[in-house]
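One structure is given here, and the rest of the page talks about it.
Side-chain atoms are counted along with the backbone in the values below, which use heavy atoms only and exclude waters and symmetry mates. Just so it is clear: chains get the letters A, B, ... in the order the sequence lines come, proteins before strands, and each one is counted from 1. All figures in this text were calculated on a predicted structure; none of them were measured in a lab.
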Number of protein chains: 2
Amino acid sequence: MVPRRPSISDVAALAGVSLGTVSNVLNRPHVVAASTRSKVEAAISSLGFVRNETARQLSSGHNRAIGLVVLDIGNPFFTDVARGAQEVAQDRGAVVLMADSRADERTERANVELFTQQRVQGVLIAPSGGDTAWVADLRRAGTPFVVIDRVVSGVGEHCAVSVDDRTGGELAVAHLLQLGHRRIAFVGGPSTLAQVADRRVGAEAAVEREAGASLLALSTGALTVDEGRRAADTLAALGDGERPTAVFAANDLVALGVLQGCVRHGLRVPADLAIVGYDDIDFAAAAAVPLSSVRQPRQELGRTGTELLLAEIAAQRDGVEHVHRTERFTPELVARASTVGH
Amino acid sequence: MVPRRPSISDVAALAGVSLGTVSNVLNRPHVVAASTRSKVEAAISSLGFVRNETARQLSSGHNRAIGLVVLDIGNPFFTDVARGAQEVAQDRGAVVLMADSRADERTERANVELFTQQRVQGVLIAPSGGDTAWVADLRRAGTPFVVIDRVVSGVGEHCAVSVDDRTGGELAVAHLLQLGHRRIAFVGGPSTLAQVADRRVGAEAAVEREAGASLLALSTGALTVDEGRRAADTLAALGDGERPTAVFAANDLVALGVLQGCVRHGLRVPADLAIVGYDDIDFAAAAAVPLSSVRQPRQELGRTGTELLLAEIAAQRDGVEHVHRTERFTPELVARASTVGH
DNA sequence: TCATCCGGTTGAACCGCTTCAAAGTCGTCC
DNA sequence: GGACGACTTTGAAGCGGTTCAACCGGATGA
């Protein structure tokens, strides 16, 4: 059987002091006399004592962790957000626990529940956008939360860091229109993803302002490279006069997939089909044809989101009134060869 | 101030049953009479009770979590490994906590300590390869661990899932030699990273077998796209007769960076410089010039690693003798345009 | 000499849950 | 009618820490 791990009282016994003193050495070393402290420290290292964070948290009621729920950990956009979050959290002595909801609402809610059960200080969440039952869960549990890359409507106030996806969609399509494209396809889905819906709304708005321009919507089952490739198959199957001359993809993974599909089908990018992606992940610039994309401040989203969250947590702890804030960033179009040629 | 969250005893009081009964409803519903169970369930939902996992864990001594320490969360290779791990863990009712060590030994050890403090069931770790103090930490704490993508030497037996990096390096360079390249550069670093060291050893072995072939080692500060670009700058600065005709990059991120750098400097790939990467991340195939790469079974590494870990945990729990295993996968060369042209 | 003060140290009371021996409660069976 | 199981439910003892009022003994000041 597993030997029991040394506990604080084993340390106390070995050092010949009381339990409380050991705890003090661990948490408030300055109140302990130097000689006592060194005795305790010797005992700690001789036993290989490792503080039990679980017990510590239970008795103190404090938790150092914050939860981060991302839509898709395979998307570099989210790992960049995570990095930003980690950075800030580490500075403030907090720990980030990360969970991947794989754009699935049930998984998303399960992850939030997991975090609530762990009694994390707060939750940073990039929601899928459909079912927002988790908001009610968190509210009820009194867990502070900040929404990333989205503002959830109809659930009352909350903090958020977001990038204006509607504007981003407009930017992308306006860029294509300006290059003379009139038949444009929007590739992305499912439309329950708020990201997809908003970017599309922006795209439509831009198209409507231009006489003679049309937007063909190609829905995908997910925002992945594979789905992008599949969409390219669909596009390639269309007749030359019928096929859109440009694609606005809901994110860079899809855009890269479309690009790969085009290469396979012998469609030239951008001559036969121009492509704009979204997120401007690092790999976009390194693609077969460097990808034009709508840039979001990825790490900055994570950083700012964490700061808002920690502020809300602090306010709650101190019983201070907290005013919810929404930090909104403006996206920016980065034009590369996939639209403007070489 | 924050209102206290409902506890199990609040539920018990409201339902008019004892504490133990509520616990039974939560953990062994079948032993509770249906009528009692529904009373308790009603109380739970009316109070919005969420089980405190911290307390549960402390008193039961069981933890559902396993820790995963990755080298670089920005590298899609590791997110794929993480996905494989999540998959298996979820099937077995375990939860994966992920931490990024950013290839830094201090962060790596801090992450391991964090997990030990949390009393996770076990740790899955992709080590940086230099300092292995964390092995001693885990051994002492009695925490089972499995090493991913590496076998740590000189620390006694342990479970591992690995891909033979030496062979991978040989494969890559043998491929280049076979294509007629004789001046080859190895780009990667720091050499304290075991991945880097082993791949390089393999590369050297292959070169030594070929008369007249040479290997120029270009060390980078990290395995990132940026560092790859910088290496390309160095290569581009060399005279035409002096410059290697092929590059073997220690991973795909570096390879993509080298590729971008070549494009910028007007070097044609593969005509002027052939490139082989390592890992075969999804983005490799979508690169400017589709990247030849040494493929590792990414998700499979995560899956198998988690299975080994769970097996070891189970053995420890049941007091059964556990025999450490090393699951070794064989890498595979995927040749694409970056070496074999169009 | 005695009251105060103060840096150190102590130990008991939790934190919220699991566990499990013991105690009910019924329906059966001899 | 009493013993015996099968089912349920109970309640108290931890799990390993944190917290904090109380205590201790020596220094200080009056």
Output the single nucleotide from [options] whose closest atom is nearest the side chain of [X].
{"X": "S18(B)", "options": "dG11(D), dT18(D), dG16(D)", "answer": "dG11(D)"}
{"X": "R56(A)", "options": "dG17(D), dT19(D), dT19(C)", "answer": "dG17(D)"}
{"X": "T36(B)", "options": "dT9(D), dC15(C), dT18(D)", "answer": "dT9(D)"}
{"X": "N52(A)", "options": "dG16(D), dT19(C), dG16(C)", "answer": "dG16(D)"}
{"X": "S59(B)", "options": "dT10(C), dG16(C), dG11(D)", "answer": "dG16(C)"}

Worksheet item: Hey, which of these two, L58(B) or N24(B), hits DNA chain C nearer its 5' end, going by closest nucleotide?
Response: L58(B)
In whole angstrom, what separates [X]'s [atom1] from [N]'s [atom2]?
{"X": "Q117(A)", "N": "dC17(C)", "atom1": "CD", "atom2": "P", "answer": "11 Å"}
{"X": "Q57(B)", "N": "dT18(C)", "atom1": "CD", "atom2": "C1'", "answer": "13 Å"}
{"X": "L19(B)", "N": "dC20(C)", "atom1": "CG", "atom2": "C1'", "answer": "14 Å"}
{"X": "H62(B)", "N": "dG16(D)", "atom1": "NE2", "atom2": "P", "answer": "13 Å"}
{"X": "H30(B)", "N": "dA6(D)", "atom1": "NE2", "atom2": "P", "answer": "16 Å"}
{"X": "I8(A)", "N": "dT10(C)", "atom1": "CD1", "atom2": "P", "answer": "13 Å"}
{"X": "N63(A)", "N": "dC15(C)", "atom1": "CG", "atom2": "P", "answer": "18 Å"}

Checking all strands, does [X] fall into the base, sugar-phosphate, or nothing category for heavy-atom contacts under 4.0 angstrom?
{"X": "G20(B)", "answer": "base"}
{"X": "V17(A)", "answer": "sugar-phosphate"}
{"X": "V32(A)", "answer": "sugar-phosphate"}
{"X": "S7(B)", "answer": "sugar-phosphate"}

Worksheet item: Which atom names give the shortest non-hydrogen contact between A15(A) and A43(A), and what distance separates them?
Response: CB-CB, 3.9 Å
Answer with yes or no whether the side chains of [Y] and [X] bring together a donor and an acceptor at under 3.5 Å.
{"X": "Q195(A)", "Y": "D149(A)", "value": "yes"}
{"X": "N111(A)", "Y": "R102(A)", "value": "no"}
{"X": "E327(B)", "Y": "T304(B)", "value": "no"}
{"X": "R5(B)", "Y": "N52(B)", "value": "no"}

Using OP1 and OP2 only, check whether a side-chain N or O of [X] sits under 4.0 Å from [N].
{"X": "N27(B)", "N": "dT18(C)", "value": "yes"}
{"X": "R28(B)", "N": "dT19(C)", "value": "yes"}
{"X": "T21(B)", "N": "dT9(D)", "value": "no"}
{"X": "S23(B)", "N": "dT18(C)", "value": "yes"}

Worksheet item: Which sits closer to the 5' end of DNA chain D, S60(B) or R37(B), going by the nucleotide each is nearest to?
Response: R37(B)
Discussion item. Within the 4.5 Å heavy-atom criterion, are E307(B) and V161(B) side-chain neighbours or not?
Written reply: no
